[in-house]
Every structure is written in C-alpha cells, then in structure tokens.
Asker: 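The structure's right below; bear with me while I get my questions together.
Remember, it's a predicted structure, so these values are computed and weren't measured experimentally. Just the heavy atoms: all of them, side chains too, but no hydrogens, waters or symmetry mates, feed the values below. Chain A is the first sequence line, chain B the second, and so forth, proteins listed ahead of strands; every chain is numbered from 1.
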Amino acid sequence: MLSGDGSFFILNRRKFNMSYKHLQIEQKWRDYWKDNETFKMTDDPAKPKFYALDMFPYPSGAGLHVGHPLGYIATDILSQFKRKQGYNVLHPMGWDAFGLPAEQYALDTGNDPAEFTAKNIATFKRQMDELGFSYDWDREVNTTDPKYYKWTQWIFIQLYKRGLAYMDEVAVNWCPALGTVLANEEVIDGKSERGGHPVERRPMRQWVLRITEYADRLLEDLDDLDWPESLKDMQRNWIGRSEGAQLTFAVEGSEQSFDVFTTRPDTIFGATYAVLAPEHKLVDSITTPEQKDAVAAYLDKVKLKSDLERTDLAKEKTGVFTGAYAVNPASGEKMPIWIADYVLVSYGTGAIMAVPAHDERDYEFAKEFGLPITEVVAGGDIEREAYTGEGTHVNSGFLDGLGKDEAIEKSIAWLVEEGKGEKKITYRLRDWLFSRQRYWGEPIPIIHWEDGTMTAVDESELPLELPVTGDIRPSGTGESPLANITEWVNVVDPETGMKGRRETNTMPQWAGSCWYYLRYIDPKNDDMLIDPELAERWLPVDIYVGGAEHAVLHLLYARFWHKVLYDIGVVKTKEPFQKLFNQGMILGEGNVKMSKSLGNVINPDDIVHSHGADTLRIYEMFMGPLEASKEWSTNGLDGSRKFLDRIWRLFVNEDGSLGSKIGGESDGTLDKVYNQTVKKVTEDFEGMHNNTAISQLMVFINECYKADRVPTEFAEGFVLLMSPITPHLAEELWEKLGHEGTITYVPWPTYDADKLVDDTVEIAVQINGKVRAKLEVDKDITKEELEKAALANEDVQKWIDGKELKKVIAIPGRLVNIVAVG
RNA sequence: GCGGGUGUGGCGGAAUUGGCAGACGCGCUAGACUUAGGAUCUAGUGCCUUCGGGCGUGGGGGUUCAAGUCCCUUCACCCGCACCA
C-alpha cells in the first residue's frame, strides 16, 4: 500500500477528521520528548519506585509487527500512569541480540553479524520511538556489547567457581555433512533443516549448569509470586519433583549392580524384570556373549532415533534381552535384565525395576515379550490390564495387608535397614546444557591447559571479546568456528610458559537474557555488575510483561541465576520478578497466525502513518483483555481512530482554538460520570484492564457530547486519564488547554466518592425472580420502607393480585424479590 | 493420557460477595445535515411473539427467593507436558 497510486492515504484523509493531523502532532511531541529528555529517569529516593519491565526482543531483520507492541503498550501505560502518581519509574528497553538468525544470515551473505545486528536494532528503535514509548534510552542494554557481556562472563565464572558449571559428555545433534552441531529446532524428522542431511546423536564434551541443585528452591519460591497460576503450574511440572526410593539391584554372577528409582517401592515383590536405558553404562558389560549381536543391533536402531521420535513412536514397545539377571532384593527371585528405549537415560537412574501388574508401560512390555506378571496390589484384574489404583498388598511378604501409603513407608524402612536402598527425590528437570558450537554468542571464559587442567580467565581480563573475523563457517570438527582463529584460541601463560587453548564453545542465547533486568538498574557500571544499593532500591521488578512462550525456559533460567546471585550477595531478593503478566497474541484476520507466507502481517509503520501511533496504541488495548489472543480488525482500528477524532472535535474548534464547549465551572451535569470515570480508569490501569478503562473513557465523551459544556476541571482530568494511552494527543490537548511543557509529570486526578451516588436510586422489583417493575427510591431507604414501597407499586399489585405472598426479600440499594404463588 | 484454560447477540467483548445479562466498540436500520457521503450528529438494534408475554450466557441436571457467576455431569475448542518409573 505504500507503493503505487497512494490512494490508500487519500481515502483515509476523507475517512477521518482532517483537522486532527496525527502525523504532525505525533512528530512534534516525539521531538519535544527527545529534546527535553522527558523520560530520562533521575533516581529520587524520596519517591516510591516502580520498575516496569518488558521482555526485550531479539532484533530480527523483519522489524516489529503489530503483535510485538501489545505488551510494550501495556507497560508503557502503566509507566506513564505511575509517573503521574508520583512514582520514580524505571522503564527501559534493550536487545537480546545474540542468536542463530544473525549467524545464519552472516553465513549466507558473508556479512558480519555485528553489523547486521546493529542495523536491525536501529530499525527496532525507530519503530518503538514512533509508537511513543516512554523508554529511558540512556539505560539501553545490548547483550552483544562487550561492556554488557563482560558481566555475563563474570557470572559464568562465579558459577564455575561454585561448582555450578561443569563439563560432561552429552549427546548432541551432530550433522556430519554440515560438520556442525544443530539445535533441536534445526532438526526436522531426523534431518537437518538446512540441506536435509542426516543427523545423528553423538556424545560431546559440553558445559552444563547445575540448575538441579536449585530445583527445590525454584519450586518452593514459586508460591509467593504473583504470577498466573497456569504458568506456575507449568514451572512446577517442568521441575517435576517426584518422591520415592532408590534401590540397588545386584547383577547375578557378577560384582556389578545398578540403581533404580521408583515411586512405588511398595510393589517391590511384583518386580519381575528390570530394564536399562539403551545408553546405560552397564549395557556393554552385562550383556552375555549369546545376546551380543541382538543387543548391538538394537542399539544401532535406537541411535538413529531422535528424542522426539522415541517418544512419538510410543505405541509399540521395543527392547532386547541382555542375557543377564538381577536379583529381587525382597523376593529373591531372578529378574531378567532387558534394554528398552521406553526407559530414558536422562531420568532417574536410567534403569527401572518393572512391575508389570501395576504399571501400564511395564504391563505392555511384559505382554509384548511374554514376561511374568505378578499381582501385589489387590483390586484389579491383571489378566486384562495393569492396576494402578489403591488396594491391599498381596504376595508381598511383610507388606501383605497394608494400604499404599503404609506399604511405601514400611518398604523404604526395610530397604534402609537391609542397606539396599533409601528414600530419594528425583526431578524431571535436568541440568542445563549451556554450550553452543557457534560463533555469535558470548565466549566462555575458560582456558584448557596442555597439562589437562582448566582455569577460568582472570576477572581482570574480562570481557573476553569475541574476535572479529571474516570466516565464521563451521570448523568441521564439531567445535565452534572460534577454533579456526588460531591467534585467539592459543594462549601461553606468561608466568609458567605453559600452553593452553581457549574454550571455543559460546553461551546460548538464554545467557544474556538471564540477568538484563539487573543491568538496566545500573547500566554503565564498569566496576561491578550492579551497585548493591541500587539493586536494593529497585528490586524486585514490579511488573514483567511478555509472551507465554517464555513460561518455562527463560523464566526458570533467570530465576536460577538470580538465586545464585542472591547466594553470593549481589542481590537481596530471592526472586527477580514479583509480578508477571503474559500478554496474548494478535492474530491476522480470519484468526490465523500472522506470517510472511500468508501475507497477512501488519506492519506498525503503516498504521502509524495511516491512523497514527495513538490510534494503534488505543486500538490494541481496546481489542480485548491483555492476556487473550485477539483477531486484528481493520474496522476496529477505524473505530478507535473515530474515537480520537471525536475527542479532538470536542476539544478543538475547526480553526484550532480550544473547543467552544470547554471551560468554566461545573454546573453538576457531568459530576457523576466524571468521578466514575476517574475511579474506574484508575482502578483499571492498576489491574491492567485497559479495555474497560477505555470503554469508560468513551462513556465520558458520549456524555460530554450530550452536555452543553465541559468544565475546565473535567476536561483537564480527562486529558490526564487519556495521556498514558495516547500520549501525543494528550500533550497536544494539554497545550490547547493553556498549559506549557509536558503532561508527563502532572499529578493524576482524584475523584470525590460523594459524587458517585445520586440521592435516589433505581431499584428493580422482581416477582418470582423476574423483573416486573422499577422503583425510584431514596438511597438511604430502610429495608422495611423499601418492601412497603415495592408492594404499593401499581405494576407490582397487578402481578401479585390474587396470589399468596410467601416471602419478600428486600435489599436496599439492590433489589426486591417477591415470591408469590397461586 | 496428564495438567491448565476458554465457551455470553451478526462480530470483538462487559458484568464487585450469587442480586436488573449484553456496558463500550464494530456492524446493521432509520432520521437529520448535505452537491455528495465509506464524514458528522441523533435514535434504535439478543431471539421469538397472537404484543399479554415467552425464551435466552456450549448441552443436561442440581442448590437458592435469586445462578453467566456455586455444585455435579457432558460436549467442543485452545495452550503446556507427554513412556518421567
């Protein structure tokens, strides 16, 4: 629509009020704010603080689309609202700028990812400015800036020093054809997304963060957070705490043994076989010579399956017998040891005791391979299916006759006594795979020495900068492209002369976003991550708004780092984000996702041009509740613009002077609706119910149109109420009302509760629950008087004539309900 | 399968503790103004109706003087997790 005949704009000039020139007005105030540094935050300890945070974006090449600003508008409204309420507001923005797309783009075009990123950031920033966001750009952070990632690296070193960062052999997606390791999302159906080459699981030495050590605290501290319950549940499920027992099984005829984890140690007498995950380290050593070939064949088959496929193809159980047996510590029976991929190496101990009578998966497997099934809990029919319900224990020796909870307790006590097991808590949460074999990320500040030791880079040498290079192609060895930059990789200890090699892995995109909310508070501090006094004043974040797609990973990782920083005394709060809000999505017309391929992406630049930034802001808030997914509607957008036109016509005459209705003292006409509006808008902004706040503002304007005049006090109050939503329009009207300078810090209007109620109220009278009449009565009427008045009413008389009155419920201020029969 | 959520006019959505369902906007209808109207202003707009009224918040049942709201049951859709021992 920006190309060609330009008819779109001609159309819109006719469609909308010509005297409300949004392009001029919006530009004028953007310039004013910039020239006067209106939104620069100066910390005033005398004021209460408010920290409104958005999830900062990845600056992609595509720029913003209309879905992006939804949450940003909401936090901006809250920020502008709080400023007027006398808060010191911290409302910053920054860039999560490391990440794969820039690296891919650089590979494709031969450009430097840093240049590409800088260009994208400039576009995002321009777009945000044009939407009138009140960010303090002096506090902008950029995760790819060495001054910023100096501290990301510093945090890594603290993790390393505390034993929370370690190296381990982890299976990764290795693509031999591309010579690189792929992220899970780059692997589709076992093939590489780029080129469709085969991908295999291959163990490599990786950095891992010990987040599991914080699992309990991450779980417990959720309780006190003001987050959506569904999101807290997602985190709880992700952490997946599970109580049970760990017990040891001896392998018959060998010195070896293996541990299993079970939540049902009480069913131990029903364990008729054991299963190891294919990757279990005992697999090789216990397999008997006769079974070697079968086991090898099975392992080959499994290796080609990705994690996803292994779970997808869940219908049929597969497995192979090792030839070895374990001994059931309770019954003394021999249990064949099998290998099957329904047991995951990454959960528990990677091995299970199978109780087919009381576990659906074990039951299926036992049926498939003809393994024995022994009932130990009565109540089901194990001929037909596994019984997982409650029941009395049978065939279980000393557990016979007990119920589930008692049996669990007693079995654990017995295991402990016999030295064969113990109580154990297991988590679904796994340690965090932290290294990436990529160029465009924070270098991990570790040096591997030729004597086999490794050390962290000295903190005084940070930041360890990412070397600029023209060649960021994969090294081909599975190492990151940094491995090719010999002058960077190779180091010599100046004191001992020992040679070493820098870690070539880089950090994942999550790293920089784990702590950015801290840096906004003290963005230019070169001596420490954050000044402790400032941290104490500004934390926790009062409101954090972002998409639900980050419900688990980002929010869990950031909480983890925050707790580590708490432990080392950097911050004084246990949690970073006290209150969190997930905004919904904006869908294209037809309720489909906006996407390039569908061609239904709406670019905010176009709307800012055609309708104005204020229209876009108010429309996105008026569409519906912030948390809901909503369909974009051009008609709805026009409606929002019409509302602004309506305001403009009320406040401004054709010749640009202050509207002729505006001015003077109140004659009482608008008192009630004005005070209601102040009350509702104030409460709604506080609770982020911006859609209903706007509807109340519309009600007020409708009433103004019906009134002869709008007193100055109400006109000014209204402009203040509008200003967080439509800041440009509000500034312009504020000026028309005769004020100089910005409206930003003008105190928020208050309401007079006495003006909210009339002297008389309308009361509905129901007969048998149906409204049959309305009464106009004094607001302070008593219950008895109300009842009398209702029964005396003509319409009511008509309805109850000849009937027996069973009961009359009269509630002053609400209604009267008369129960009559006959 | 497990966990969480949502179902209200033609459409987006409002409705404190259970107390007049449908605020506000879009759309639609009529009138006014007008050379003109996709502008503006005013009024109307849940459905049915024999004009008395009746029926209405996904369906069925219940509690209550009173249910969109509470309880039971059922259906549909959405989100997350998914062989987690």
Side-chain angles (χ1 to χ4, degrees), chain A residues 11-18 228-238 240-242 244 260-264 267 275 277 308 310-315 317 340-344 346-355 358-362 364-365 426-430 548-549 551-552 582 584-585 619 622-625 627-640 642-643 645-646 649 680 683 689 691-699 701-702 705-706 762-774 806-811 813-820:
Chain A
L11 226 70
N12 275 291
R13 275 196 203 109
R14 286 184 52 194
K15 199 154 144 185
F16 302 124
N17 185 357
M18 283 181 62
E229 208 46 48
S230 63
L231 198 145
K232 289 205 236 178
D233 261 343
M234 278 164 74
Q235 291 222 342
R236 289 189 186 109
N237 292 339
W238 191 264
R241 183 187 148 104
S242 157
V260 307
F261 173 73
T262 178
T263 54
R264 297 292 304 271
T267 61
V275 186
L308 230 120
R310 278 176 58 169
T311 54
D312 261 6
L313 302 171
K315 281 134 206 138
K317 294 274 183 293
D341 65 357
Y342 83 92
V343 173
L344 308 174
S346 51
Y347 184 76
T349 61
I352 62 161
M353 65 175 207
V355 185
H358 306 290
D359 181 285
E360 281 160 26
R361 298 150 301 182
D362 296 344
E364 260 178 64
F365 191 81
T426 293
Y427 301 91
R428 204 191 74 105
L429 180 71
R430 303 179 214 167
E549 67 271 23
V552 178
N582 283 132
M585 274 201 307
Y619 172 58
F622 187 59
M623 288 172 89
E627 65 272 22
S629 286
K630 293 148 290 202
E631 181 182 352
W632 182 265
S633 149
T634 304
N635 277 337
L637 179 71
D638 289 349
S640 292
K642 279 202 263 182
F643 175 53
D645 279 335
R646 227 164 124 74
R649 277 193 304 273
K680 177 133 183 77
E683 288 168 358
H689 305 300
N691 55 328
T692 48
I694 293 165
S695 98
Q696 183 62 42
L697 290 162
M698 288 172 167
V699 169
I701 288 296
N702 289 345
Y705 264 79
K706 287 174 196 156
E762 194 187 60
I763 295 288
V765 183
Q766 300 181 334
I767 317 285
N768 296 329
K770 293 204 166 68
V771 179
R772 298 301 185 188
K774 304 235 166 138
K806 294 287 255 190
K807 198 172 186 180
V808 179
I809 297 105
I811 300 159
R814 293 223 193 259
L815 51 52
V816 179
N817 191 10
I818 298 164
V819 186

Asker: If we take the P atom in both B/A30 and B/G37, what is their distance in whole Å?
Answerer: 13 Å
Asker: So how far is it from A/R772 CZ to A/N817 CG, rounded to the nearest 0.5 Å?
Answerer: 11.0 Å
Asker: Does the ring center of A/W238 lie less than 6.0 Å from the ring center of A/Y427?
Answerer: no
Asker: If I take atom CD1 in residue A/I809 and atom P in nucleotide B/C20, what distance separates them, rounded to the nearest angstrom?
Answerer: 14 Å
Asker: Tell me what A/K806 touches on the nucleic acid: a base, only sugar-phosphate, or nothing, going by heavy atoms under 4.0 Å.
Answerer: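 No contact.
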Asker: Looking at B/G12, I'd like to know if its phosphate oxygens (OP1 or OP2) sit under 4.0 Å from a side-chain N or O belonging to A/K630.
Answerer: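 No, because none of the side-chain N or O atoms of A/K630 sits under 4.0 Å from OP1 or OP2 of B/G12.
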Asker: My understanding is that a pair needs two contacts under 3.5 Å, Watson-Crick or G-U wobble. By that rule, which nucleotide pairs with B/C77?
Answerer: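 Partner of B/C77: B/G5.
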Asker: Classify the nucleic acid contact of A/N635 as base, sugar-phosphate or nothing, counting any heavy atom under 4.0 Å across all strands shown.
Answerer: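 A/N635: backbone/sugar contact only, no base atoms under 4.0 Å.
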Asker: Looking at B/C65, which nucleotide sits across from it as a Watson-Crick or G-U wobble partner, both distances under 3.5 angstrom, or is there none?
Answerer: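 Here B/C65 is engaged in a pair, and the nucleotide opposite it is B/G19.
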Asker: Would you mind classifying the nucleic acid contact of A/S230 as base, sugar-phosphate or nothing, using non-hydrogen atoms under 4.0 angstrom?
Answerer: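 Sugar-phosphate only.
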Asker: Atom CD1 of A/I694 to atom P of B/G13: distance rounded to whole Å?
Answerer: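 About 14 Å, once rounded to whole Å.
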Asker: Look at A/R649 and B/C41 and indicate whether a side-chain polar atom (N or O) is within less than 4.0 Å of OP1 or OP2.
Answerer: yes
Asker: Is A/R646 close enough to B/C41 that one of its side-chain N or O atoms is under 4.0 Å from OP1 or OP2 there?
Answerer: yes
Asker: Does A/R814 contact B/U16 through a side-chain donor or acceptor facing the base, at a distance under 3.5 Å?
Answerer: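 Checked by distance alone, the answer is no.
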Asker: Please tell me if A/N702 has a side-chain N or O lying less than 4.0 Å from either OP1 or OP2 of B/G25.
Answerer: yes
Asker: Just how far, in rounded Å, is P of B/A82 from CD of A/E360?
Answerer: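 These atoms are roughly 18 Å apart.
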Asker: Among A/V765, A/V816, A/V819, which one satisfies side-chain contact (heavy atoms from CB on, under 4.5 Å) with A/V808?
Answerer: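 Going through A/V765, A/V816, A/V819 one by one, the side-chain contact (heavy atoms from CB on, under 4.5 Å) with A/V808 is satisfied by A/V816 alone.
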Asker: Find the distance A/I811:CD1 to B/C65:P and express it as a whole number of Å.
Answerer: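 One finds 12 Å between P of B/C65 and CD1 of A/I811, rounded.
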Asker: Atom NZ of A/K642 and atom C1' of B/G38: how far apart are they, to the nearest Å?
Answerer: 9 Å
Asker: Would you say the side-chain atoms of A/R428 and A/N237 include a donor-acceptor pair closer than 3.5 Å?
Answerer: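 A/R428 vs A/N237: no donor-acceptor pair found between side chains.
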Asker: With a 4.5 Å limit on heavy-atom distance, are the side chains of A/K680 and A/E683 in contact?
Answerer: no
Asker: Taking the C1' atom in each of B/U57 and B/C20, what is the distance between them to the nearest angstrom?
Answerer: 15 Å
Asker: Pick the P atom in B/G59 and in B/G68, then give their distance to the nearest Å.
Answerer: 12 Å
Asker: Using atom CD of A/E683 as one end and atom C1' of B/A15 as the other, report the distance to the nearest whole Å.
Answerer: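 Going from CD in A/E683 over to C1' in B/A15 covers 15 Å.
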Asker: When you measure from the side chain of A/K317, which nucleotide among B/A85, B/C83, B/A15 comes out closest?
Answerer: B/C83
Asker: Reckon A/R772 touches a base, only the sugar-phosphate, or nothing at all at heavy-atom distances under 4.0 Å?
Answerer: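 The answer is sugar-phosphate, as A/R772 gets under 4.0 Å only of primed atoms, P, OP1 or OP2.
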Asker: Please work out if A/Y427 contacts a base, only the sugar-phosphate, or nothing of the nucleic acid, heavy-atom cut-off 4.0 Å.
Answerer: nothing
Asker: Does the Lys NZ or Arg CZ of A/K317 fall within the cation-pi geometry relative to A/F365 - under 6.0 Å from the ring centre and within 45° of the axis?
Answerer: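 Ring-cation test returns no.
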Asker: Quick one: label A/P625 by what it contacts on the DNA or RNA (base, sugar-phosphate, nothing), any heavy atom closer than 4.0 Å.
Answerer: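 Sugar-phosphate contact only.
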Asker: How close or far is atom C1' of B/G1 from atom CG of A/D359, stated in whole angstroms?
Answerer: 13 Å
Asker: Could you tell me how far B/G60 sits from B/C41 if I compare only their C1' atoms? Round to whole Å.
Answerer: 49 Å
Asker: Closest approach to the side chain of A/F261, judged atom by atom: which nucleotide of B/C65, B/A85, B/A82 is it?
Answerer: B/A85
Asker: Under a 3.5 Å cut-off for both contacts, is B/C24 paired Watson-Crick or G-U wobble with anything, and if yes, with which nucleotide?
Answerer: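 Because both required distances fall under 3.5 Å, B/C24 counts as paired with B/G12.
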Asker: Which listed nucleotide (B/G3, B/C20, B/G25) is nearest to the side chain of A/N237?
Answerer: B/G3
Asker: Could you tell me how far B/A15 sits from B/G7 if I compare only their P atoms? Round to whole Å.
Answerer: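 Their P atoms lie roughly 12 Å apart.
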Asker: Could you identify the nucleotide paired to B/A36, looking across every strand shown and requiring Watson-Crick or G-U wobble geometry with both distances under 3.5 Å?
Answerer: none
Asker: For A/D362, answer base if it contacts any base atom (sugar-phosphate contacts may also be present), sugar-phosphate if it contacts only those atoms, and nothing otherwise; contact means non-hydrogen atoms under 4.0 Å.
Answerer: nothing
Asker: Would you mind pulling out the nucleotide paired to B/C55, Watson-Crick or G-U wobble, both distances under 3.5 Å?
Answerer: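 Its partner is B/G46.
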Asker: Determine the interatomic distance between P on B/G38 and the same-named atom on B/G31; round to the nearest Å.
Answerer: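 One P to the other, the span is 15 Å.
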Asker: For A/E631 and B/C77, give me the distance from atom CD to atom P, rounded to whole Å.
Answerer: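 Those two atoms, CD and P, are 19 Å apart.
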Asker: Taking only the C1' atom of each, what is the distance from B/G61 to B/U49 in whole angstrom?
Answerer: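 The same atom, C1', in both gives a distance of 29 Å.
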Asker: Describe the nucleic acid contact of A/K770 in one word from base, sugar-phosphate, nothing, applying a heavy-atom distance below 4.0 Å.
Answerer: sugar-phosphate
Asker: Expressed in whole Å, how much space separates the C1' atoms belonging to B/G19 and B/C70?
Answerer: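 These two C1' atoms come out 14 Å apart once rounded.
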Asker: Which of the following nucleotides, B/A85, B/C20, B/G4, is nearest to the side chain of A/E762?
Answerer: B/C20
Asker: Regarding A/S242, tell me which of base, sugar-phosphate or nothing describes its non-hydrogen contacts under 4.0 Å with the strands shown.
Answerer: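 If one applies the 4.0 Å heavy-atom cut-off, A/S242 turns out to touch the sugar-phosphate alone, with no base involved.
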Asker: Take a 6.0 Å sphere around CD of A/E762 and say whether it holds more than 12 heavy atoms from other residues, nucleotides or ligands.
Answerer: yes
Asker: Closest to the A/M234 side chain: B/G80, B/G19, B/G25?
Answerer: B/G80
Asker: Check whether any side-chain nitrogen or oxygen of A/S695 sits under 4.0 Å from OP1 or OP2 of B/G13, and answer yes or no.
Answerer: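 For A/S695, the contact criterion (side-chain N or O under 4.0 Å from OP1 or OP2 of B/G13) is not met.
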